[in-house]
There are 2 protein chains.
Amino acid sequence: MERADAAHNRARILEAAALLFAERPPQDVTMDDIAKKAGVGRGTLYRRYPDRASIAVALLDDHERELQERLLRGDPPLGPGAPPAERLAAFYAAMVRLLEDHSHLVLGSEVGRSRFETGAYGFWRAHVRALLSAAGTPGPDALVEVLLAPLAPEVYGYQRRVLGLSPEQIARALARLTRMLDR
Amino acid sequence: MERADAAHNRARILEAAALLFAERPPQDVTMDDIAKKAGVGRGTLYRRYPDRASIAVALLDDHERELQERLLRGDPPLGPGAPPAERLAAFYAAMVRLLEDHSHLVLGSEVGRSRFETGAYGFWRAHVRALLSAAGTPGPDALVEVLLAPLAPEVYGYQRRVLGLSPEQIARALARLTRMLDR
DNA sequence: TCGTATGTGGACACGGTGTCCGGTTGACTA
DNA sequence: TAGTCAACCGGACACCGTGTCCACATACGA
């Protein structure tokens, strides 16, 4: 069980990191910055979070778990009960929402190509894979990554910030991918 | 005009970089490694190539330009003349080939989120955008990134090395994306 | 052959990372 | 409430990669 001072410091660290990630690109936030802002020594920081990615993951955890919960047990069309194509569309809409609200965190959690290694990615993957199977789509394994790739935070950020597309435009384009479920 | 010794050193640098990128992940290759292997000082290296990405871009340049040439003036279905959907399929096949042969280079050229900033990406983007327009697809702008996203080197590498998919499986999944061109 | 501009290479300073250890403090027990 | 111990804290430190700078070398033109 966690000691009171340790819990207190963890909270301070997460709070500081959230502020810093919000104000500049994640790769410009050093571990030292976070420690300073949290009023905590380097050793304390590294004890729990070996790198930036793990902090961002911790910050995202709540939001991702909530979405996962809704996918598993929520109301249709996000949850079980609706046709696969509609569920996929709902999933895309929810992911756009998540990216819009927390893209700086998601970006922060991606050092190199570690995106595929997080538990969350595995979950999204399994979910889409299941939808493809339910729809009877042939060769679902290769198709999963194709359907998930446009949700990469860099892609979303590029569309939003450089191309100036709206979340609605992006969501609409993604929704059209659901026709992949027709064999 | 370039001095003879400078040209010689440039060749040595590119050769050394190609060898190093081939044997380990690009982020594990330091500028120092490249300079050492090329038998060249750090200053010389930095004079031409300010970072790893620019070296990888230089190495890729030939291959990318050749593909661009074939897209613009080659035989159908890759070049002009075939229906848009077939041209897109041919483009996907060619890109899979490029990724298969040079994925380590492409990965090396991506330090940070610079992928979208390279000239090559702009070219692929314009090409796919034109195909979408020619096919009369509505809202092509948002769709372009969706169709290009699965070609990200990390995605390809993950499919090949972690999931163990074959180039053919990947190409097949990509080919199915061409149905996006039917309105 | 000589002068000059360009190229060269290694030394250097800087900044970020991750580790380590002496001191501190919270939690549990009697 | 006092004592004990394990967990925690935090800053100093060493390491590594980056990018710059400048004294020297060399190719090219006159």
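Lettering of chains follows the sequences in order, A, B, ..., and the numbering in each one begins at 1. Just so you know, these numbers use all the heavy atoms, side chains as well, and skip hydrogens, waters and symmetry mates.
Checked against salt bridge (charged side-chain N to carboxylate O under 4.0 Å, His left out), R70(B) has the following partners two or more places apart in sequence or in another chain: E66(B). Partners of Y156(A) under the ring-ring contact (aromatic ring centres under 6.0 Å, His included) rule, at least two apart in sequence or in another chain, do not exist in this structure. Every residue meeting the side-chain contact (heavy atoms from CB on, under 4.5 Å) condition with R65(A), not counting sequence neighbours, appears here in chain and number order: D61(A), D62(A), Q68(A).
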What pairs of nitrogen or oxygen atoms, one from the protein and one from nucleotides 27-30 of chain C, lie under 3.5 Å apart?
unit_1, atom_1, unit_2, atom_2, d
dA27(C), OP1, A4(A), N, 2.9

* Apply the test salt bridge (Lys or Arg N to Asp or Glu O under 4.0 Å) to residues R24(A) and D33(A): give CA-CA distance (whole Å), side-chain angles for both, the deciding distance (0.1 Å), then the verdict. => CA-CA 12 Å; R24(A) 51 188 139 125; D33(A) 292 336; 3.2 Å; yes
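Between R125(A) and E145(A), at least one side-chain nitrogen of the basic residue sits less than 4.0 Å from a carboxylate oxygen of the acidic one, meeting the salt-bridge criterion. Comment: R172(B) does not engage E168(B) in a salt bridge, judged by the lack of any side-chain N to carboxylate O separation of less than 4.0 angstrom.
In this structure, the side chain of R42(B) does not engage the main chain of A35(B) through any donor-acceptor pair within 3.5 Å. Under the 3.5 Å distance criterion, the side-chain polar atoms of R87(B) are matched with a main-chain donor or acceptor of L71(B). Between the side chain of R129(B) and the main chain of V144(B), no donor-acceptor pair closer than 3.5 Å is present.
Once you apply a 4.0 Å limit to the heavy atoms of chain A, the touched nucleotides of DNA chain D run 5' to 3' over dA6(D) to dA12(D).
Ring geometry, F91(A) versus W124(A): the interplanar angle falls from 30° to 60°, so the pair is classed tilted.
R48(A) comes within 4.0 angstrom of the backbone, heavy atoms only, and of no base.
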* Contact state string [nucleotides 15-23 of chain C, B base, S sugar-phosphate only, - no protein heavy atom under 4.0 Å] -> -SBBBB---
